[in-house]
Amino acid sequence: MIQKIPQDLQSLASEAMKMPPLFHGKSSKNPKKSLVSTTLCLSSCENPNKRKMNSDDDPTVSCRPSDDNSTKEERKIKRMRNLSNEEKAEEEWYGVSTELTLFKDPWIIKKELTNSDLGQLSRLLLPTGPIEDHIIKYLNNDDKNNVQQGLGITVDVYDHDTDSTFELILKRWTTLNSYVLNGGWRMYFIRRRGLRKGDQIGLFWDRFASRLHFRVLSRAATEVFVDQKNPN
């Protein structure tokens, strides 16, 4: 049985059909411009590709500011975190970093061995500046005083090449106004590793484990003796 639609509902439907669409573009040639995205995004969204789009979303709709004409590379640079000197110092103290950096060489302290480092004194002479910047300032007050007064402190030295650890003495050599590692340097490193003049070694201080890391970075070129009278 077919029911008759009341007259008032017919009038209401007729009026609704006469109303203009809620959103319309400036040109009917490109209907996509009239679409409005209902997807929520953060106001600081700078990369529209990172937000999850609905299946019925228009890919031309972006939450990027309409006046942002910067290139993709420029937008990446804007998102990089720039730190002040105070922030860098604080993060270095805690051993963390939120700054975007390229690969950083961990071997901060480098030394090309000389005859003095390999002699009978059994000590490795270390550069003053890097030792104070990367080791001394992270020691507690008692250890700092012992090092500065020439008494020295015992430090573990981890050899990365051989996965072994040895104890050496770190102290200030007041007569040369420099720092040295001794107390086994000749036995545990020169002889055991066969170190020679011209070899380059690297060191860095592990603040969390309170130990020194060691590695032979490069070996000196081997001199080949040729007998001029009998070259064969």
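Values below: all heavy atoms of this structure, side chains included; hydrogens, waters and symmetry mates excluded.
D156 places no side-chain N or O within 3.5 Å of a backbone atom of S210 that could act as its donor or acceptor partner. Distance alone, capped at 3.5 Å, is enough to place a donor-acceptor pair between the S178 side chain and the L126 backbone. A donor-acceptor pair under 3.5 Å is formed between the side chain of S122 and the backbone N or O of R186. Of the possible polar contacts, one joining the D161 side chain to the V216 backbone as a donor-acceptor pair under 3.5 Å is found. Side-chain atoms of W173 do not come within 3.5 Å of backbone N or O of L125 as any donor-acceptor pair. The closest donor-acceptor contact from the side chain of N145 to the backbone of D142 lies at 3.5 Å or more, if one exists at all. A donor-acceptor distance shorter than 3.5 angstrom exists from the side chain of R196 to the backbone of A220, with no hydrogens or angles considered. Between the side chain of R207 and the backbone N or O of H134 there is no donor-acceptor pair closer than 3.5 Å.
Note on L217: it does not cluster hydrophobically with I109, by side-chain heavy-atom contacts below 4.5 Å among ILVMFWY residues. Following chains of ILVMFWY side-chain contacts shorter than 4.5 Å, one can reach M187 starting from F166, so the two form part of one hydrophobic cluster.
Scanning both residues, V180 and R123, for their nearest heavy atoms gives CG1-CD, 3.8 Å. Y158 and D163 make their closest contact through OH-OD1, 2.7 Å (heavy atoms, listed as atom of the first residue, atom of the second, distance). In terms of heavy atoms, V147 sits closest to I136 at CG1-CD1, 3.8 Å. Residue N146 comes nearest to I153 through the heavy atom pair CB-CG2, 3.9 Å, listed as atom of the first residue, atom of the second, then distance. In this structure, L203 and W107 approach most closely via the heavy-atom pair N-CE3, 3.6 Å. Of all heavy-atom pairs spanning R172 and Y179, the tightest one is NH1-OH, 2.8 Å.
Of the inter-residue distances, the one linking L124 atom CG with I190 atom CD1 reads 8.0 Å to the nearest 0.5 angstrom. Rounding to the nearest 0.5 Å places NZ of K197 at 4.5 Å from CG of N115. Taken to the nearest 0.5 Å, the CD atom of E132 stands 10.5 Å off from the NZ atom of K144. Taken to the nearest 0.5 Å, the CZ atom of R219 stands 4.5 Å off from the CG atom of D199.
A 4.5 Å side-chain heavy-atom check between N182 and L168 finds every atom pair outside the cut-off. Looking at I201 and L113, their side chains come closer than 4.5 Å, going by heavy atoms from C-beta outward. Proximity of D159 to H213: side-chain heavy atoms (C-beta onward) are nowhere separated by under 4.5 Å. Using a 4.5 Å cut-off on side-chain heavy atoms (C-beta onward), L181 and L212 make contact.
The aromatic rings of W185 and F189 lie parallel to each other, their planes meeting at an angle below 30°, with 60° marking the opposite boundary.
Of the candidates L170, V155, D133, I108, W205 forms a side-chain contact (heavy atoms from CB on, under 4.5 Å) with just one, namely V155.
By the 6.0 Å contact criterion, OH on Y188 is open, its count of non-hydrogen atoms from other residues, nucleotides or ligands being 12 or less.
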T154/I169 under side-chain contact (heavy atoms from CB on, under 4.5 Å): CA gap, chis, key distance, verdict
CA-CA 5 Å; T154 301; I169 305 297; 3.5 Å; yes
